[in-house]
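Chain A is the first sequence line, chain B the second, and so forth, proteins listed ahead of strands; every chain is numbered from 1. For clarity, every value in this text was computed on a predicted model and none was experimentally measured.
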2 protein chains.
Amino acid sequence: MTTPMLTKNQTLVFDVLTKAESPLSAYTILDKLRDQGFRAPLQVYRALDKLLEYGVVHRLESINSFVACAHPDENCHSHGLVAFAICESCGQVIEFHDHEVDHRLMDWLKSQKFKAEKSTIEIRGHCAKCAA
Amino acid sequence: MTTPMLTKNQTLVFDVLTKAESPLSAYTILDKLRDQGFRAPLQVYRALDKLLEYGVVHRLESINSFVACAHPDENCHSHGLVAFAICESCGQVIEFHDHEVDHRLMDWLKSQKFKAEKSTIEIRGHCAKCAA
DNA sequence: TCGCACACGTTATAGCATAACGCAATTGAT
DNA sequence: ATCAATTGCGTTATGCTATAACGTGTGCGA
């Protein structure tokens, strides 16, 4: 899937996420966009839904937050599974794609005749800098 | 870690989860326990916190729900990573432990000097029965 | 030009989780 | 024995996360 032209709201939300150094919650994004005319959560959630659909933003389920995809160019949907390491001190997120893990999980799902649609792999802990 | 004696509230919550055939949200558990005297969300959340700590219950981040561990006897904390396949039709959850995936992820984390503490691996889709 | 799809705005509400207070029972050290 | 620390419990209030339901405007193809 190729990413279509973003609308005004989608662009605003995407820019905020791109400039952020760590994941943001929908309400944090809302606050950052009040000056640009945002008033309600739905404006953020609707933009996020599309950005997630296009694969340019990821949702981190374990912290109810969102990050811009680490691969600005390519489309993330083509990478198979994505894993995230999330630092609980500084909030930084490392994105990771691994075919080995991918295949292993897919094989298991196949053996269970389970049709996978969405996946979440998130590791929380402390990054190199913060582990000290 | 060996699981200590459960308190009254912990036992009630654990029993509800054990009898359930699919994950339950904290508020659903609360509703099921009103007859037993539960009145407030905190009563449920406090019990859940302990049960999670003891490793006899898992939290499913992607659906804000909780399930009893599939391994009644052994302690789940000793299994390393746990993965879940969650059916979006019937709600059924399949629990899965795999050392291959485990090692692969751990190696990557090690290469990043990332200290892992908690992990979440959840696949949503449709189980064999519901995929039809 | 009619109908449809889509983005958008607004208000209200639903669903998930925790803060902060106080009380009672238990334990363990002095 | 007594005091302090810990733990579980109950209650009220509040905050955070997400969506329902309504209506508006715009663009575009049949």
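Side chain of S25(A), nearest nucleotide from dT11(C), dT17(D), dC16(C): dT17(D).
Contact check, K50(B) against dG8(D): a side-chain N or O comes under 4.0 Å of OP1 or OP2. A close approach under 4.0 Å does occur between a side-chain nitrogen or oxygen of Y45(A) and OP1 or OP2 of dA18(D). Between N64(B) and dA17(C) there is a side-chain polar atom (N or O) within less than 4.0 angstrom of OP1 or OP2. Taking only side-chain nitrogens and oxygens, T7(B) comes nearer than 4.0 Å to OP1 or OP2 of dC9(D).
Between the side chains of E122(B) and S62(B), at least one donor-acceptor pair of N or O atoms lies under 3.5 Å. A side-chain N or O of T120(B) and one of R124(A) form a donor-acceptor pair less than 3.5 Å apart.
Taking atom CG on N9(A) and atom C1' on dC6(C), their separation rounds to 13 Å, with Å as the unit. Spacing between atom CG of L48(B) and atom C1' of dC9(D) amounts to 15 Å, rounded to whole angstrom units. In this structure, R46(B) places its CZ atom 14 Å from C1' of dT6(D), rounding to the nearest Å. Between F14(B) atom CZ and dG8(D) atom C1' the separation is 19 Å, expressed in whole Å. Summarising the geometry, the separation between CG on L24(A) and P on dC16(D) is reported as 15 Å, rounded to the nearest angstrom. Straight-line distance from the CE atom of M5(A) to the P atom of dA7(C): 13 Å, rounded to whole Å. One atom, CD of Q36(B), and another, P of dC9(D), lie 15 Å apart when rounded to the nearest Å. Taking atom CG of L30(A) as the reference point, atom C1' of dT17(D) lies 12 Å away to the nearest angstrom.
Both I63(B) and L42(B) sit near DNA chain C, but only I63(B) has its closest nucleotide nearer the 5' end. Take the nearest nucleotide of DNA chain C for F66(B) and for Q43(A): the residue whose nucleotide is more 5' is Q43(A). Mapping G37(B) and T28(A) onto DNA chain D by nearest heavy atom places G37(B) at the nucleotide closer to the 5' end.
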Step by step, would you call F14(A) with V57(A) a side-chain contact (heavy atoms from CB on, under 4.5 Å)?
CA-CA 8 Å; F14(A) 184 61; V57(A) 161; 4.0 Å; yes

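Taking the six-membered ring for Trp and the full ring otherwise, F84(A) and H58(A) have centroids separated by under 6.0 Å.
Residue S65(B) holds its OG atom at 6.5 Å from CG of L60(B), rounded to the nearest 0.5 Å.
Nucleic acid contact for R39(A): sugar-phosphate only, since backbone atoms but no base atoms lie under 4.0 Å from a heavy atom of the residue.
A donor-acceptor contact under 3.5 Å links the side chain of Y27(A) to the base of dA18(D).
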